[in-house]
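Below is one structure, written out as structure tokens; comments come after it.
Within every chain, numbering begins at 1; the chains are lettered A, B, ... in the order of the sequence lines, protein sequences first and strands thereafter. Side-chain atoms are counted along with the backbone in the values below, which use heavy atoms only and exclude waters and symmetry mates.
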There are 4 protein chains.
Amino acid sequence: MFIKIDFTSDMPIYEQIKNQIIEGIARGELQNGDSLPSIRDLASEIGVNMHTVAKAYNELKDMGLIAVNKKHGAYIAVSKGYDKEFLNEMMEELTPIVAKAICKGMNKNELIRLIETIFDSFGGREDE
Amino acid sequence: MFIKIDFTSDMPIYEQIKNQIIEGIARGELQNGDSLPSIRDLASEIGVNMHTVAKAYNELKDMGLIAVNKKHGAYIAVSKGYDKEFLNEMMEELTPIVAKAICKGMNKNELIRLIETIFDSFGGREDE
Amino acid sequence: MFIKIDFTSDMPIYEQIKNQIIEGIARGELQNGDSLPSIRDLASEIGVNMHTVAKAYNELKDMGLIAVNKKHGAYIAVSKGYDKEFLNEMMEELTPIVAKAICKGMNKNELIRLIETIFDSFGGREDE
Amino acid sequence: MFIKIDFTSDMPIYEQIKNQIIEGIARGELQNGDSLPSIRDLASEIGVNMHTVAKAYNELKDMGLIAVNKKHGAYIAVSKGYDKEFLNEMMEELTPIVAKAICKGMNKNELIRLIETIFDSFGGREDE
DNA sequence: GTGGTCTAGACCACA
DNA sequence: GTGGTCTAGACCACG
């Protein structure tokens with residue numbers, strides 16, 4: 001699991017870290033129980049401040065994807081299953097993107113095919 | 001066309017304005033040629049500063065959704081058709097969201113159904 | 001000689017009028033002595049305010065390309081020959097454009113070929 | 001790298017800043033990785049408001065000439081290579097200037113020599 | 001310390 | 001009356 005920061009990106013660094021770990025989990029590279037590097041190690045490895053990594057880990061914990069304790073450090077602990085709140089959040093994030101696509105003339109099938117392409121790029125693991 | 005700002009939101013005000021106009025276009029409420037309120041009018045109506053509205057209008061212009069002239073102010077002028085760059089941008093925005101959904105155990109069909117729900121909420125207009 | 005205004009352009013209308021007349025002269029469509037429409041007529045023809053046309057005509061007069069008098073209205077009266085001041089003005093306008101081209105990796109031949117293409121699009125009349 | 005503002009010029013201040021940085025890059029004085037002064041430093045140095053500098057930096061970012069991050073501020077990051085859209089933009093900017101030159105009796109060789117003079121004033125660096 | 005966002009004013013060019 | 005530019009402040013997120 002490598003984390004690669006694009007310092008020219010507009011996306012905050014802590015969010016790049018967060019997203020790459022999320023994507024690692026989605027891809028199946030990071031499985032429940034796998035441990036993440038310590039905050040200090042990861043920070044020095046990618047050359048950022050410790051509290052930038054800490055912020056990323058914190059949000060991952062809040063999302064229910066990792067757990068942190070003093071003994072084992074941070075490790076993957078995915079609590080699967082989504083509730084209505086999660087769906088609302090997804091809709092809020094997706095709505096402006098879908099609207100933009102519609103404005104630019106994308107039709108439903110094109111959009112779905114795009115989503116499928118992205119979904120399949122994660123290995124298509126659907127837990128069934 | 002009402003614009004409603006949530007001043008407690010993390011989303012910048014200018015982006016809320018931008019998104020609501022984009023969604024208005026996607027919904028078909030705003031059609032080519034329809035004029036938007038003047039920067040100052042909209043600003044005073046929703047209780048924000050002129051520059052905040054100006055920034056939103058400017059980005060909409062850059063996206064090719066509105067045009068601006070000094071006589072008539074801003075009006076809808078959608079240049080449809082998306083290029084590869086637009087698709088890349090879409091993928092970059094969608095990838096972390098799809099990854100999050102996968103982590104939470106959402107499968108491909110559920111995700112597609114969610115997208116379809118959002119798409120259809122705009123009226124499902126695919127060509128015009 | 002038709003004048004066609006793009007109301008969505010960022011270029012001021014009076015400048016569009018000015019440029020199209022300049023280009024008409026460069027193309028040889030407008031020759032010395034040819035008369036231009038009256039300010040009132042041109043304004044109503046293209047649907048703009050009279051003083052917008054007046055401003056365009058005024059600048060053309062200042063450039064030494066047209067003359068205006070009460071008897072004949074406005075007509076083409078090109079005073080050829082450029083002085084050092086004109087060259088300085090040209091350099092000031094061209095410098096940032098050339099710099100931009102260099103930044104984007106355009107080389108000298110490509111730039112010259114572009115200039116030649118534009119020059120030839122005016123008929124390549126060189127008065128010799 | 002000095003930036004010198006002419007407060008009496010018709011050219012907006014933010015555009016003067018932008019152009020001088022572009023010309024610095026074209027001249028090779030500003031190379032990839034070189035950092036620019038922070039928005040506030042440059043603003044106070046040349047005696048203008050922060051926002052004015054910010055607007056210049058923003059447009060340079062949009063042009064793909066600089067990158068910005070919160071740790072190190074802005075620095076040169078030129079993405080070379082121009083597309084058709086860039087060429088169209090160049091043509092739109094150059095056409096009225098070439099037309100003006102033709103009206104004043106400048107011939108093709110004179111114009112090309114002028115362009116070459118300007119190009120060479122940047123050091124004639126064509127590839128690197 | 002950096003840029004990003006926002007406010008409340010002002011003046012100007014364009015139409 | 002419209003947007004465009006500019007100023008002089010302020011607060012916030014990121015690092």
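Considering only heavy atoms from C-beta on, B/Ile22 stays 4.5 Å or farther from A/Ile102 through its side chain. Proximity of A/Asn58 to A/Val68: side-chain heavy atoms (C-beta onward) are nowhere separated by under 4.5 Å.
B/Tyr82 and B/Phe86 have tilted rings, their planes meeting at an angle from 30° to 60° on a 0 to 90° scale.
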- request: Take nucleotides 9-15 of chain E nucleotide by nucleotide from the 5' end and write B, S or -, depending on whether a protein heavy atom sits under 4.0 Å from the base, only from the sugar-phosphate, or from neither.
  value: BBB--SB
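Look at OH on A/Tyr57: it is 16 Å from P on F/dG15, rounded to the nearest Å. Atom-to-atom, CG of D/Asn58 to P of E/dG4 comes out at 6 Å; the value is rounded to the nearest Å. Distance, B/Leu36 CG to F/dG3 P: 10 Å, rounded to whole Å. The separation between D/Ile46 atom CD1 and F/dC6 atom C1' is 13 Å, rounded to whole Å. Taking atom CG of A/Asp6 as the reference point, atom P of F/dC14 lies 17 Å away to the nearest angstrom. The nearest whole Å value for the distance from the CG atom in B/Asn69 to the P atom in F/dG1 is 17 Å. Between the CD1 atom of B/Ile39 and the P atom of F/dC6 there is a distance of 16 Å, given to the nearest Å. One atom, CG of B/Leu42, and another, C1' of E/dC6, lie 15 Å apart when rounded to the nearest Å.
With sequence neighbours excluded, the residues forming a salt bridge (Lys or Arg N to Asp or Glu O under 4.0 Å) with C/Glu93 are D/Lys100, listed by chain and number. Every side-chain contact (heavy atoms from CB on, under 4.5 Å) that C/Ser38 has, sequence neighbours left out, goes to C/Arg40, C/Asp41. Checked against salt bridge (Lys or Arg N to Asp or Glu O under 4.0 Å), C/Lys61 has no partners two or more places apart in sequence or in another chain. Residues passing the salt bridge (Lys or Arg N to Asp or Glu O under 4.0 Å) test with B/Glu59 are B/Lys18, sequence neighbours excluded.
The nearest heavy atom of DNA chain F to B/Asp41 and to D/Phe7 marks one nucleotide each, and the one closer to the 5' end goes with B/Asp41.
Remark: side-chain polar atoms of B/Asn69 are paired, donor with acceptor, to backbone N or O of B/His72 under 3.5 angstrom. Judged by distance alone, with hydrogens and angles left aside, the side-chain atoms of B/Glu23 form no donor-acceptor pair with the main-chain N or O of A/Thr95 at under 3.5 Å.
Secondary structure note: stems in DNA chain E built from 3 or more consecutive Watson-Crick or G-U wobble pairs under 3.5 Å occupy E:1-14 with F:1-14.
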